[in-house]
Amino acid sequence: MSQYVESRHRVFCYGRCITGQNHSIFCLALLLITVTSSLFFVFDCPYLTKELSPLIPVFAAILFLSVICCILRTACTDPGILPRATPDELLYLERTDNTQTVALSGRVMELQMRSGHVLQLKFCQTCRLFRPPRVSHCSLCNACIANFDHHCPWVGNCVGLRNYRYFYLFLLSLSLLCTYIFVFNIVNIVLRSQNNSTVADAIRETPATMAEALICFFSIWSIIGLWSYHTYLICRSVTTNEDIKDTWATPHRGGNQINPFSRGNGLVNCFAALCGPLPPSFLNLRAFVKEENSIPMTITGTNNNNNTSDGIVGYFPEENGNYSNRVGNTSGIHSTQQQRYLPRDYA
Amino acid sequence: MDDTTRLTSEQSIKLFIQRDYSEGTAVKFQERFPSELEGKIDRGKFIDIIRHINSIFEEAEALSCKTFTENCCACLTGYLLLLCMPTHYEKCVKRAARYISEENERTLNPKGIFMLDPMEKGLRCIEVCITNNRR
């Protein structure tokens, strides 16, 4: 069952997976990786196992599995989508900040950081909130993403706060897999040509090897290049978005030019980016809400029940019985409206 | 709690404690006392509640050996470990929600104030509802 949230994301598996809108390039990437690896296992590995070592397909399998794991994790994890503001928040913002006569959409909030930087926080028309630092709006996904890096079509999702490390590990494991397959393709051809005495004969014996070698050769440059670029970005604690816009290069009035989000040391930045703590998804994807409540960024589609065809769905309890007290049920199987506040479940 | 979607009505006023980004993108809420709460609750007490919430989130976001080992183990198991057990951050978020629920029952609700878990708003702000009719 797939349902739509207010952005252009798609939700699967009862809220456990959230992906972007367009999956075609993602499917192409998966296909390329799977086909090349399968050709390697079927055509190269038997010969290499016999001639060299049975460990060769074992390492290849480990690398292939980690590539698949990382790409799926990157594609299906919520990158850090910020839920949209409720009308009440907007009213409160306008009320409290009545020193300006400009409408909210034209306003810029100035943020004085302790490090001396002065950041300008812009108002996002679509999400109706002042974009926090490092947050950017992705027009493809139509949502504000925390620590927005870039929208990756190969993964079919934005890369942001919550899936950056999986993206980086995907690039790393794919670089290793590509290099591994390429090297052993060459080794295969060389070994066969030594046994058969011509390279042309060896190639004719295993045409698949040449095909894999070509695919790997052409993709290696961009993959390793991209991986090195992201390693450089991680060490500086800069996102792709900030690097493209040169955010930390221009002098700010009253502040210094060092990135305020860097921890000073490249190694500590790496550690923080790859092994640091990750917040759970900001969207409560496993709750169904009444449409009139207008609590955006949660699922507002219809569920499987036939008696809720008007779009108003019931709220069903999670497996461990947690409820949200602000959600009521007009019809349907689960009819309790909790008065007492209980903690939400985290996807 | 009845319908809490209207900002002001005969029953309730809503106000929002925003995030404090002066120290970076770490989760921290502004430790200020909104003027609408004057007279309803002691200033120090309210700020103490916010401070306690901030300390829980600071612990959640700290770079520690525990987070490092947790993430390394998760990586080595192909992130399947994350499907089995909650992370340190998730535990802290649940602790914050439990603390807010307790404070609601203990201190705030008797004064006609209701504080919402910031996780419901995606950690962007803490929503505080004030009911006009005292119990």
Side-chain angles (χ1 to χ4, degrees), chain A residues 16 65-66 69-70 73 81-83 85-89 91-93 95-96 111-115 119 121 129-130 132-135 146-147 161 165-166 169 260-261 263 268 271-272 274-284 292-295 297 324-326 339-344 346, chain B residues 1 3-8 13-16 18-25 27 34-35 57 60-64 66-72 74-75 78-80 82-83 86-90 92-98 100-101 104-105 114-117 119-125 127:
Chain A
R16 287 183 183 84
L65 283 174
S66 48
C69 179
C70 288
R73 192 93 202 176
I81 301 165
L82 291 186
T86 51
D88 299 322
E89 274 185 65
L91 280 172
Y92 184 73
L93 266 176
R95 235 176 31 163
T96 49
L111 172 70
Q112 172 82 39
M113 294 189 70
R114 209 150 288 189
S115 56
L119 300 178
L121 305 184
L129 45 84
F130 279 99
R134 306 199 105 177
V135 167
N147 276 36
L161 171 71
R165 64 190 61 179
Y166 308 130
L169 290 174
F261 303 110
R263 290 161 208 261
V268 178
F271 170 55
L274 299 178
C275 304
L278 263 192
S281 172
F282 301 131
L283 310 176
N284 190 3
E292 309 99 290
N293 259 3
S294 289
I295 302 168
M297 300 306 286
S324 163
N325 69 333
R326 292 180 295 125
Q339 294 301 319
R340 187 172 169 272
Y341 176 77
L342 284 167
R344 74 197 280 268
Y346 299 99
Chain B
M1 197 82 197
D3 179 27
T4 55
T5 53
R6 295 271 64 81
L7 183 60
T8 43
I13 300 172
K14 275 189 185 183
L15 47 96
F16 300 89
Q18 301 290 340
R19 282 270 292 272
D20 178 11
Y21 293 110
S22 61
E23 288 175 21
T25 49
V27 178
S35 50
F57 279 108
E61 301 226 349
L63 283 184
S64 60
K66 186 177 175 187
T67 337
F68 177 66
T69 29
E70 193 180 61
N71 280 295
C72 277
C75 183
Y79 295 107
L80 295 170
L82 296 179
L83 300 173
T87 61
H88 174 64
Y89 205 114
E90 283 168 3
C92 285
V93 171
K94 281 189 187 156
R95 191 151 49 103
R98 237 187 344 256
I100 292 177
S101 165
N104 269 333
E105 274 182 30
F114 185 75
M115 188 184 269
L116 238 64
D117 182 11
M119 201 65 207
E120 299 283 340
K121 296 266 168 200
L123 291 181
R124 283 189 298 103
C125 55
E127 185 176 326

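We use all heavy atoms of the structure for the numbers below, so side chains are in, but hydrogens, waters and symmetry mates are not. A quick note: this is a predicted structure, and the numbers were derived from the prediction, not measured. Residue numbers begin at 1 in each chain, while the letters A, B, ... track the order of the sequences.
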(request) Mind checking side-chain contact (heavy atoms from CB on, under 4.5 Å) for B/P34 and listing every partner two or more places apart, or none if nothing turns up? (result) B/L15, B/I17, B/R32, B/E36, B/L37, B/F46
(message) The criterion is side chain to side chain donor-acceptor pair (under 3.5 Å); which residues satisfy it with B/T67, sequence neighbours excluded?
(response) B/S64
(message) Do A/L169 and B/Y79 make a side-chain contact, defined as non-hydrogen atoms from C-beta onward lying under 4.5 Å apart?
(response) yes
(message) Does this structure show an ion pair linking A/E89 with B/K14, if we count only N-O contacts that are shorter than 4.0 Å?
(response) no
(message) Please classify the contact between B/A96 and chain A as side chain, backbone, both or neither, with a heavy-atom cut-off of under 4.5 Å.
(response) neither
(request) Would you indicate whether the side-chain heavy atoms of B/F16 and A/D88 approach each other to under 4.5 Å? (result) yes
(request) Using non-hydrogen atoms and a 4.5 Å limit, figure out which bit of A/P133 sits close to chain B: side chain, backbone, both or neither. (result) both
(message) Taking CZ in B/F68 as the centre, count heavy atoms belonging to other residues, nucleotides or ligands within less than 6.0 Å. Is the count above 12?
(response) no
(message) Please give me the minimum heavy-atom distance between A/P277 and B/A62, naming the atom from each residue.
(response) CG-O, 3.9 Å
(request) Grab the two heavy atoms, one from A/C69 and one from B/G78, that are nearest each other, plus how far apart they are. (result) SG-O, 3.1 Å
(message) Does any backbone or side-chain atom of B/A74 lie under 4.5 Å from a heavy atom of chain A? Answer side chain, backbone, both or neither.
(response) neither
(request) Using non-hydrogen atoms and a 4.5 Å limit, figure out which bit of B/C75 sits close to chain A: side chain, backbone, both or neither. (result) side chain
(request) Check the pair B/K121, A/F282 against side chain to side chain contact (heavy atoms under 4.5 Å, CB included), reporting the backbone distance first and the verdict last. (result) CA-CA 7 Å; B/K121 296 266 168 200; A/F282 301 131; over 6 Å; no
(request) Check whether any side-chain heavy atom of A/R73 sits under 4.5 Å from a side-chain heavy atom of B/L82, and report yes or no. (result) yes
(request) May I ask you to decide if A/P83's main-chain N or O and B/R124's side chain share a donor-acceptor pair within less than 3.5 Å? (result) yes
(request) Report yes if some heavy atom in the side chain of A/P280 is under 4.5 Å from a heavy atom in the side chain of B/V93; otherwise report no. (result) yes
(message) I need the residue from A/C70, A/A272, A/P132, A/S66 with the largest number of non-hydrogen atom pairs under 4.5 Å to chain B.
(response) A/P132
(message) If I take atom CD from residue B/E90 and atom CG from residue A/L278, how far apart are they, to the nearest 0.5 angstrom?
(response) 9.5 Å
(request) Measure the CE-OG distance between A/M113 and B/S22 for me, rounded to the nearest 0.5 Å. (result) 7.0 Å
